[in-house]
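Index from 1, following the sequence.
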Amino acid sequence: MKMRYFRFLVISGLLMAVPAAGRAEISSLLTVRDVSGLEWKLWGYRPNVWRMNFNFESLSGTWAEIQGIDAAVPGSVRNALKKAGFVPDWNIGLDYTASEWVENRHWLFTAEIPDEWAAANRENAVLRCHGLDYKGLVMINGREAGRFENAFIPYDFPAGKYLKEKNNTLVFVFECPPENLAQIGWTSKIRDWKPRFNFGWDWVPRIVQTGVWDKVEFVVKDGSRSFISGTDVVAGALPGSDKGNLTVKLAFDGGKISGKVHCALSDDAGKTVREGTFDAAELPGGIKWDNLKIKRWHPNGNGDQPLYRLNIELMDETGGVVQQAERRIGFRHIEWRQCEGAADNSDPWICVVNGNPTFLQGVNWTPVSPLFADLKDDDYRRLLTTYRDLGLNIIRVWGGGFPEKEWLYDLCDEMGILVWQEFPLSSSGLDNYPPEGAEEILAMNRIAEYYVTRLRHHASLLLWSAGNELYEKGDTAPITDKHPLIGSMKKQILRLDPTRKFVPGSPSGPAIYAGWDNFGSGNNWDVHGPWTLPFKDDKQNMDDVREFWGKSDALFHSEVGVPGAMSAEMIRKYAGIFNPLPADLSNPLWRTVNWWIDWDQYLSAHGGQAPASLEQYVEWSQQRQSEGLVIALKSCKNRFPRCGGFIIWMGHDCFPCPVNTSIIDFEGNPKPAALEISKVWKKQQFQ
């Protein structure tokens, strides 16, 4: 059996290796082991058949349809099945339909727990699961240790009472996911807390993930003393000064609080900025350091991103370190001002970073893969490096996805990419009104608490948004905090993180869209659209597009898009058995993402004549996307500070869409539009 496990110290989900000098003492108090190195196997059954057949002692089942194939934790069922040859590559042609049967099975991830893991203090063992997608049971030695039914929050399962001295087994049982959470439905009826994009959106077909999407840890702690169970770190810079302030609040769990806490702040070169030692019993009130000599953190394009390390050590009465943790933080000052010429009652949409009014320019961030359980940190680094080099300074983490990997936020801190963070609520087409039942409010508040406490220390985190395209009944206007769920979320979020802006959704304000019929009304605050070129008629005159954006008076655009095809080479690569042409609804290849087909516009622009080649169509489509987005972005950036920002829908593909509003294709290649947009992003002002 291959194993990878470590003796670690943990605080609020952050791990630090135990110093060798203190290992003997520390390991007896708190041990955290990563279960990813265990030998995981996957078993597949028709629903509930495993209850009659699976042997939890020997980890075997003769009735299973899929029997003991290699699996990964974290990892998805589909990826394990693909590697074992049971399902085809879902990215080719319509082969995603060939694995939809996976949703109609129960799946068991199984492993043996090494004997030494349960050798000491096993009565205090906890199984800490940071991301389970989405519903099922945890079984230890064939006994139910707990259930899970929410992909957006972590779970701690008490494991000690189920463990034996030797020969322990661990099984995650995943039950069937919901029937449908896709783009078309009723937001007010949402009761299942699982990422919705997996069920199909206008840029991805139905590829529903099942599996462990984030790390799982086996934790054993000494119940005789108190441990730090949470941290609240708030760092800020004084306006116009390289002076910073830092507040650290600690929460303790367990027995009597004793010992001391040593805190040290150092720069990336290891030079200590300030340190101090405090009585642990006095620390729940917090530590506050003012007038720290620091360098300020700036968004990409405005300056550098110096980061600092805050090291926290809990020491026992003899001075031995019993717990250790680290936060990486940046110091910046952010305030919001009203746009120039805006109505007195309008929301402020000019972001001022370190005294510098900053035009927010970037993309909407959607999940990198439908099977995000299988992603690695390099997947994020490559994509975010591309965005940084193109010149953006913000991403909006869209509300139909998931809490995102920690890599995203760490890398945004490093690269100066501001994060607009949404909670997992989104429109549904037939009904975009958020649920308002007591159970749904309770569930969303639990999710909000997790998001905020997990992310609030990141320098890159800019603002919180309750969700995507949440509207009043009848879609008369964007939702407000008068809605019971949104109001409850706002109260919770501002209590936990009063330093950041909260908006009830994207868009927000009196109007959903800015358009020909409401320019000049004063109602266009943060708006969505258009996602196609705003022509007045079928003549497709680009002068109409220039006129539209010349008249636009929106204070902020958090979604704007224009469709553009990916390369002809890529389309052919992923077409499978299908001929890429014609690019219309008669061709099954193009029905998958039929919202963005612009075949009729091509024919209209060419007198009804079909293209002679796929390359001819692609060149036309990509040129339209480039020209349309550049006109829109230039116009909005020229209006700054009358307009505060422009975020493109969308950034990248997670599925090889032949045509989509993305500016980076499925393999991470910038489309021509991205390269043209980059020229505008990197200019401070256009005339």
Requested in this report: For the pair Val419 and Cys412, evaluate side chain to side chain contact (heavy atoms under 4.5 Å, CB included) and give the outcome as yes or no after the intermediate values.
Outcome: CA-CA 8 Å; Val419 176; Cys412 285; 3.9 Å; yes

Report task. Before giving the answer on ring pair (Phe, Tyr, Trp, His ring centres under 6.0 Å), spell out for Phe199 and Phe197 the whole-Å C-alpha distance, their side-chain angles and the decisive distance to 0.1 Å. Result -> CA-CA 5 Å; Phe199 293 83; Phe197 83 103; 9.2 Å; no

Query - Chi angles and distances behind the ring pair (Phe, Tyr, Trp, His ring centres under 6.0 Å) call for Trp213, His130 - result: CA-CA 8 Å; Trp213 73 261; His130 293 262; 9.1 Å; no

Query raised in the report: Do Phe372 and Pro195 have side-chain heavy atoms sitting under 4.5 Å apart?
Result: yes

Query raised in the report: Is it true that atom CZ of Arg446 has more than 12 heavy atoms of other residues, nucleotides or ligands lying nearer than 6.0 Å?
Result: no

Query raised in the report: Which is it for Ser428 and Arg196 under the side chain to side chain donor-acceptor pair (under 3.5 Å) test, yes or no, and what are the steps along the way?
Result: CA-CA 10 Å; Ser428 300; Arg196 293 186 54 196; 2.8 Å; yes

Requested in this report: Measure from the ring center of Trp63 to the ring center of Tyr45 and say whether it is less than 6.0 Å.
Outcome: no

Report task. Can you spot which of Leu137, Val77, Leu132, Leu108 makes a side chain to side chain contact (heavy atoms under 4.5 Å, CB included) with Phe174? Result -> Leu132

Query raised in the report: So does Glu317 have more than 12 non-hydrogen atoms from other groups sitting under 6.0 Å from CD?
Result: yes

Query raised in the report: Got a sec: does the NZ of Lys164 have more than 12 other heavy atoms crowding it under 6.0 Å?
Result: yes

Query - Distance-only side-chain donor-acceptor flag, Ser60 / Asn55, under 3.5 Å - result: no

Query raised in the report: So with a 6.0 Å cut-off around CH2 of Trp101, is the heavy-atom count from everything else above 12?
Result: yes

Query - Heavy-atom side-chain proximity of Glu313 to Val261 below 4.5 angstrom - result: no

Query raised in the report: Which of these passes ring-ring contact (aromatic ring centres under 6.0 Å, His included) with His652: Trp398, Tyr380, Trp365?
Result: Trp365

Query - Gap separating the CG atom of Asp410 from the CG atom of Leu307, nearest 0.5 angstrom - result: 9.5 Å

Query raised in the report: Going through the checks in order, is the side chain to side chain contact (heavy atoms under 4.5 Å, CB included) test met by Phe172 and Leu170?
Result: CA-CA 7 Å; Phe172 291 101; Leu170 171 62; 4.3 Å; yes

Query raised in the report: Strictly by modelled atom types, are Asp497 and Trp464 linked by a side-chain donor-acceptor pair under 3.5 Å?
Result: yes

Query raised in the report: Taking side chain as C-beta onward, heavy atoms only, is Phe56 less than 4.5 Å from Met139?
Result: yes

Query raised in the report: Side chains of Ser369 and Asp374: do they bring a donor and an acceptor to under 3.5 Å?
Result: no

Query raised in the report: So, Tyr134 and Asp192: side-chain donor and acceptor under 3.5 Å apart, yes or no?
Result: yes

Report task. Determine, for Lys221 against Glu123, whether the closest basic-nitrogen to carboxylate-oxygen distance falls under 4.0 angstrom. Result -> no

Query - Distance, nearest 0.5 Å, that separates SG of Cys129 from CZ of Phe148 - result: 7.5 Å

**Report entry** Test: Glu175 and Arg46 ion pair at under 4.0 Å
**Finding:** no

Query - Validation row, ring centre Tyr155 to ring centre Phe157 under 6.0 Å - result: yes

Query raised in the report: More than 12 non-hydrogen atoms from neighbouring residues, nucleotides or ligands closer than 6.0 Å to CZ on Arg456, yes or no?
Result: yes

Query raised in the report: Once you round to the nearest 0.5 Å, how far does CD of Glu440 lie from CH2 of Trp193?
Result: 6.0 Å

Requested in this report: Over all heavy atoms of both residues, which pair between Phe152 and Pro424 is shortest? Give the atoms and the distance, please.
Outcome: CZ-CB, 3.5 Å

Requested in this report: Can you measure from CG (Asn198) to CG (Asp133) and round to the nearest 0.5 angstrom?
Outcome: 6.5 Å

Requested in this report: Using a strict cut-off of less than 4.0 Å between a Lys/Arg side-chain nitrogen and an Asp/Glu carboxylate oxygen, indicate whether Glu217 and Arg33 qualify as a salt bridge.
Outcome: no

Query raised in the report: Does Pro435 reach the side chain of Lys189, with side-chain heavy atoms less than 4.5 Å apart?
Result: no

Query raised in the report: Pro154 versus Tyr450: any side-chain heavy-atom pair under 4.5 Å?
Result: yes

**Report entry** Non-hydrogen side-chain atoms of Phe218 and Val220 separated by less than 4.5 Å
**Finding:** yes

Query raised in the report: Without hydrogens or angle criteria, can the side chains of Arg78 and Ser99 be said to hold a donor-acceptor pair below 3.5 Å?
Result: yes

**Report entry** Pair Tyr451 + Phe423: ring centers closer than 6.0 Å
**Finding:** yes

**Report entry** Distance-only polar pair, side chains of Arg327 and Asn311, donor-acceptor under 3.5 Å
**Finding:** no

Requested in this report: Taking only Lys NZ, Arg NE, NH1 and NH2, and the carboxylate oxygens of Asp or Glu, determine whether Asp70 and Lys41 approach each other closer than 4.0 Å.
Outcome: yes

Query raised in the report: Which heavy atom in Tyr409 sits nearest to a heavy atom in Gln421, and how many Å separate them?
Result: OH-OE1, 2.6 Å

**Report entry** Carboxylate-amine/guanidinium proximity below 4.0 Å for Arg206 and Glu103
**Finding:** yes

**Report entry** Worked check of side chain to side chain donor-acceptor pair (under 3.5 Å) between Asp232 and Thr453
**Finding:** CA-CA 7 Å; Asp232 181 8; Thr453 55; over 6 Å; no

Report summary line: Separation between CG (Leu461) and OG1 (Thr499), nearest 0.5 Å, reads 8.0 Å

Query raised in the report: When rounded to the nearest 0.5 angstrom, what distance separates CD in Glu406 from NE2 in His458?
Result: 4.0 Å

